[in-house]
Structure formats: structure tokens, C-alpha cells
Participant: 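Handing you a structure now.
Heavy atoms only: backbone and side chains are in, while hydrogens, waters and symmetry mates are out.
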Amino acid sequence: MITRIVDQQHIAEAANIIRSGGLVAFPTETVYGLGANAFDAKAVAAIFEAKGRPQDNPLIVHLADFAALREVVKDVPPLALTLYEKFCPGPLTMIMPKGDKVPDVVTAGLQTVGVRFPSHPVARDLIARSCPIAAPSANVSKHVSPTTAQHVYDDLAGKIPLILDGGTCQVGIESTIIDLTGDIPTILRPGAITKEMLSEVCMVATHSGEVKVALAPGMKYVHYSPKCDCTMCSPDEIAAVYAQSVANGCDTVVLAQRSTLEKLPISVQSISLGDSPTAIMHELYAALREAETKYRLIIIERFEEVGVLYSVMNRAKKSVNLK
Ligand code: TXA
Ligand code: MG
């Protein structure tokens with residue numbers, strides 16, 4: 001069931017479910033999460049089952065505050081406090097050495113654990129009333145992450161007892177992941193907290209993709225894929241690719257920022273991603289989910305990879321399934 005209006009009673013009910021070993025989908029500022037008690041191996045195993053998630057893909061543990069780190073992390077590096085004070089609560093996941101209390105199923109056997117402190121008030125309240133919550137995004141494995149309770153329902157109805165509806169997620173893509181276990185802090189997954197922002201606090205590297213071992217195991221999987229064909233074009237190519245596709249009898253839609261759409265013929269089917277980089281980040285997943293139900297081909301605008309649009313392009317490229 002989806003609780004349409006979340007009040008204290010619903011959060012208390014959700015906290016009860018979590019404490020007694022069940023699963024709850026809940027809003028965060030990035031995307032919706034599918035949560036279980038991070039210290040309950042059986043409950044966490046049920047997350048993998050509900051999502052159809054590969055067993056080798058570790059989960060992020062969601063905490064209320066810095067003090068809670070003691071329970072889940074072995075040696076908290078000094079930089080963690082600096083990053084916490086600057087960016088948390090917020091869309092930043094830090095990888096640190098795993099504490100003994102965290103079951104192996106959470107970290108897929110890794111000796112490190114990803115932790116984050118979500119800023120969404122419902123997530124914070126839920127954690128405060130229950131315990132550290134292990135949660136991946138609340139989508140069926142390999143599908144686009146959910147940014148509304150309805151998206152979660154569309155993927156997981158019948159598989160979980162409760163979805164807390166906290167409205168549309170403000171950020172719209174998953175958290176930035178930074179690995180603090182190596183010599184140099186390394187971004188494993190870009191997000192709303194950009195390399196430029198992190199660089200103001202510490203030296204930071206970006207996982208180049210050339211490294212043979214996938215450092216964030218989840219990044220090796222096809223992710224964020226809509227259920228129809230999807231391609232990407234620079235703004236000046238869109239009109240021609242669209243026309244060719246429609247001429248081939250294919251229902252086609254363009255996902256682009258407003259200024260790009262305004263230059264296209266009025267007849268072009270489109271979903272606007274808005275006007276600004278943060279709007280595009282906010283809209284992308286909802287637009288992909290809307291488009292996949294109505295069209296056979298999605299054309300996504302190729303954006304210049306600066307600031308948060310670097311992170312948006314990281315996700316958009318993973319949606320593309322046509323060369
Ligand atoms: O914004 C988010 O991070 C959302 C919300 C719900 O918090 N969660 C999320 O979880 O995106 P998920 O499971 O969809 O993605 C987690 C990513 C995966 O790519 C996983 O491989 C990586 O984090 N990860 C988790 N623990 C890790 C670890 N110890 N070392 C390296 N990567 C890790
Ligand atoms: Mg995910």
C-alpha cells in the first residue's frame with residue numbers, strides 16, 4: 001500500500017515494520033529507497049529478493065547522524081567529519097572500513113561499507129525511530145530509479161508492505177559516492193555534490209573507468225534503463241534523428257531542455273526537462289519513466305558535461321541502449 005499523506009503515525013508504523021524485520025520504501029532527497037534494518041541479515045536478504053538485485057552489489061547504510069557511524073564503521077577517517085560538516089545531511093555517500101556489526105550481506109562481502117545521511121525529513125524521522133537502514137534505490141533491479149511513490153508502486157507493488165509517500169524527490173538522481181579507504185578520496189559515482197564542490201574540501205580523484213575492478217560494484221551493471229529503445233543526440237542532430245525514426249513508423253519522443261525544444265518543429269513529441277541543470281537532474285528519471293510507457297524510442301539531448309550535468313550525463317548514458 002502507498003500512504004498518500006505521510007504523518008507521524010505512518011512513520012511509526014514504518015519504523016515498526018523495519019524493527020521487526022520487514023521492508024519499507026521511503027523517500028530520500030535523491031531517489032526513493034527500499035529499506036531494511038541494516039543489522040538484520042535476513043531482512044536485508046529480502047531486499048535483494050524483492051528487487052531481483054545481484055548478490056554482489058552492496059547496499060548503502062542510511063544513518064541519522066555522525067554519532068551513529070560508530071556502530072557501522074570500524075575506523076572513521078578524519079576526513080569523514082569534515083565532509084559530514086560540509087555536505088551532510090545530504091546526497092553524499094562515504095565508503096569507509098566496515099564495522100563488525102554490519103552483516104556481510106549488506107556489503108556483498110566487502111570489508112568496506114557505504115554510509116549516508118539523507119536530508120529528507122521522512123527518511124530522518126524513520127531512521128531516528130528505528131535503526132540504521134540498509135537501502136538501495138526502490139526500483140526493480142536495472143530499471144530507472146524512482147523519484148515518486150508512484151514509481152515505486154509501479155515496480156514493487158505486491159512485493160513490499162508499505163511505501164511512504166514523501167512527494168517528489170528534490171535532487172532526482174542517486175547520491176555522489178566517495179571512497180575514503182584509499183590514498184586519495186575517489187568519486188565512484190558522480191551526483192549532485194560535484195567534484196568541484198568536494199575539491200573545496202579535499203584532494204579528490206574520479207574513478208577513471210579504466211580500472212579493471214569495478215570499485216562501486218553496482219556501476220558495472222546496466223542501470224537506469226527505460227523499457228523501450230533509447231538513444232542520445234546533440235541538440236543539432238535531434239530534428240533529423242526524430243524525423244527519420246517517425247518516417248520508419250516508430251513512436252518517438254524527445255527529452256530535452258526547454259530552449260532546445262523551442263527550436264524543434266511544433267509537431268515533435270517531447271517531454272521538457274526544464275530550464276536549468278538542477279531541473280534537468282530533477283526531471284530526467286520521471287521523464288524516462290513517462291516516456292517508456294508511451295513510446296518505442298526515446299531521444300535524450302546530449303548535454304555539456306559540466307557541474308551536475310556531468311552527473312546527469314553519467315546516468316543518461318547508462319539509459320542508452322542503441323548506438
Ligand atoms: O541516493 C542514493 O544513494 C540512493 C538512496 C536510496 O539513498 N541509494 C542508491 O542505492 O542509489 P543503490 O543500491 O541503487 O546504489 C548503491 C551503489 C551501488 O553502485 C553499489 O555498488 C555502491 O553504491 N556501493 C555500496 N556499498 C559500496 C562499497 N562498500 N564499496 C563500493 N561501492 C559500494
Ligand atoms: Mg539503484
Participant: How close do Ala138 and Ala25 get, counting heavy atoms only, and between which atoms?
Facilitator: CB-CB, 4.3 Å

Participant: Within the distance-only criterion (no hydrogens, no angle test), does the side chain of Thr293 pair as donor or acceptor with the backbone N or O of Glu290 below 3.5 angstrom?
Facilitator: yes

Participant: Which residue pairs pass the ring pair (Phe, Tyr, Trp, His ring centres under 6.0 Å) test when at least one of the two sits in residues 288-317, sequence neighbours left out?
Facilitator: none

Participant: Identify the heavy atoms of Ala134 and Ala38 that sit nearest to each other, and give their distance.
Facilitator: N-CB, 3.7 Å

Participant: To the nearest 0.5 Å, tell me how far Phe48 CZ sits from Gln55 CD.
Facilitator: 6.0 Å

Participant: Give a yes or no on whether the backbone of Thr148 and the side-chain of Tyr153 come within a donor-acceptor separation of less than 3.5 Å.
Facilitator: no

Participant: Donor-acceptor pair, Glu292 side chain versus Lys227 backbone, under 3.5 Å?
Facilitator: yes

Participant: In terms of side-chain geometry, is the basic nitrogen of Lys74 or Asp100 positioned less than 4.0 Å from the acidic oxygen of its partner?
Facilitator: yes

Participant: Verify whether one side chain among Ser225 and Lys318 offers a donor that lies under 3.5 Å from an acceptor in the other.
Facilitator: no

Participant: Just grab all the ring pair (Phe, Tyr, Trp, His ring centres under 6.0 Å) pairs involving residues 106-127, residues at least two apart or on different chains.
Facilitator: Tyr84-Phe117

Participant: With rounding to the nearest 0.5 Å, note down the distance linking CG in Leu92 to CD1 in Ile193.
Facilitator: 4.5 Å

Participant: Shortest non-hydrogen contact from Pro136 to Arg53?
Facilitator: CB-NH1, 3.3 Å

Participant: Checking the side chain of Ser199 only, and the main-chain atoms of Lys195 only, is there a donor and an acceptor separated by less than 3.5 Å?
Facilitator: yes

Participant: I need the minimum non-hydrogen distance between Leu69 and Met96, along with the two atoms involved.
Facilitator: CD2-CE, 3.8 Å

Participant: Mind jotting down which residue pairs meet the side chain to side chain donor-acceptor pair (under 3.5 Å) criterion with at least one end in residues 35-50? Sequence neighbours excluded, please.
Facilitator: none

Participant: Mind checking the CG-CD1 spacing from Leu23 to Ile163? Nearest 0.5 Å is all I need.
Facilitator: 11.5 Å

Participant: Mind checking what makes salt bridge (charged side-chain N to carboxylate O under 4.0 Å, His left out) contact with Glu237, not counting sequence neighbours?
Facilitator: none

Participant: How long is the gap from CG on Leu180 to CD1 on Ile95, to the nearest 0.5 Å?
Facilitator: 8.0 Å

Participant: Counting only N and O atoms by type, is there a donor-acceptor contact under 3.5 Å from the side chain of Asn248 to the main-chain atoms of Cys250?
Facilitator: no

Participant: Can you confirm whether the side chains of Thr260 and Glu301 place a donor and an acceptor under 3.5 Å from each other?
Facilitator: yes

Participant: Is there a donor-acceptor pair under 3.5 Å between the side chain of Lys98 and the backbone N or O of Val102?
Facilitator: yes

Participant: Got a sec, which residues hit side-chain contact (heavy atoms from CB on, under 4.5 Å) with Ala14, two or more places apart in sequence or on another chain?
Facilitator: Val24, Leu126, Leu162, Leu164

Participant: Please name all residues satisfying salt bridge (charged side-chain N to carboxylate O under 4.0 Å, His left out) with Glu200, sequence neighbours left out, ordered by chain then number.
Facilitator: Lys86

Participant: Could you tell me the separation between the OG1 atom of Thr93 and the CG atom of Leu188, rounded to the nearest 0.5 Å?
Facilitator: 10.0 Å

Participant: If you take all heavy atoms of Pro185 and Leu79, which pair is closest and at what distance?
Facilitator: CG-CD2, 3.5 Å

Participant: Only distances under 3.5 Å count here; give the side-chain donor-acceptor pairs of residues 58-66 to other protein atoms, sequence neighbours excluded, each with its distance to 0.1 Å.
Facilitator:
from: His62; atom 1: ND1; to: Ile60; atom 2: O; distance (Å): 3.3
from: His62; atom 1: ND1; to: Ile133; atom 2: O; distance (Å): 3.1
from: Asp65; atom 1: OD1; to: Ala67; atom 2: N; distance (Å): 3.3
from: Asp65; atom 1: OD1; to: Ala68; atom 2: N; distance (Å): 3.2

Participant: Quick test of your reading: applying side chain to side chain donor-acceptor pair (under 3.5 Å), list the pairs with at least one residue in residues 154-164, sequence neighbours left out, ordered by first then second residue.
Facilitator: His143-Asp155, Gln150-Asp154, Asp155-Arg289

Participant: Kindly state each residue pair satisfying salt bridge (charged side-chain N to carboxylate O under 4.0 Å, His left out) with at least one member in residues 114-131, sequence neighbours excluded.
Facilitator: Glu29-Arg116, Asp125-Arg129

Participant: Do other residues, nucleotides or ligands put more than 12 heavy atoms under 6.0 Å from Arg19 CZ?
Facilitator: yes

Participant: Only counting residues at least two apart or in another chain, list the ones meeting side-chain hydrogen bond (donor to acceptor under 3.5 Å, both in side chains) with Asp75.
Facilitator: none

Participant: If you take all heavy atoms of Pro146 and Ser137, which pair is closest and at what distance?
Facilitator: CD-CB, 4.3 Å

Participant: Just do the side-chain contact (heavy atoms from CB on, under 4.5 Å) check on Leu261 and Gln257 with the steps written out, would you?
Facilitator: CA-CA 6 Å; Leu261 293 179; Gln257 61 184 322; over 6 Å; no

Participant: List for me each residue that meets salt bridge (charged side-chain N to carboxylate O under 4.0 Å, His left out) alongside Asp183, sequence neighbours excluded, and say none if there are none.
Facilitator: none

Participant: If only atom types and distance count, is the side chain of Lys51 paired as donor or acceptor with the main-chain N or O of Asn139 below 3.5 Å?
Facilitator: yes

Participant: With distance as the sole test, does Asp104 use its side chain to make a donor-acceptor pair with the main-chain N or O of Thr107 at under 3.5 Å?
Facilitator: no

Participant: Would Val306 end up clustered with Leu273 when hydrophobic side chains under 4.5 Å apart are linked, directly or stepwise?
Facilitator: no

Participant: Can you list every side chain to side chain donor-acceptor pair (under 3.5 Å) pair that touches residues 273-284, not counting sequence neighbours?
Facilitator: Arg258-Asp275, Ser276-Thr278

Participant: Compute whether any side-chain donor of one residue and acceptor of the other, for Ser145 and Glu174, lie under 3.5 angstrom apart.
Facilitator: yes

Participant: Nearest 0.5 angstrom please: Ile300 CD1 to Ile271 CD1, how far?
Facilitator: 10.5 Å

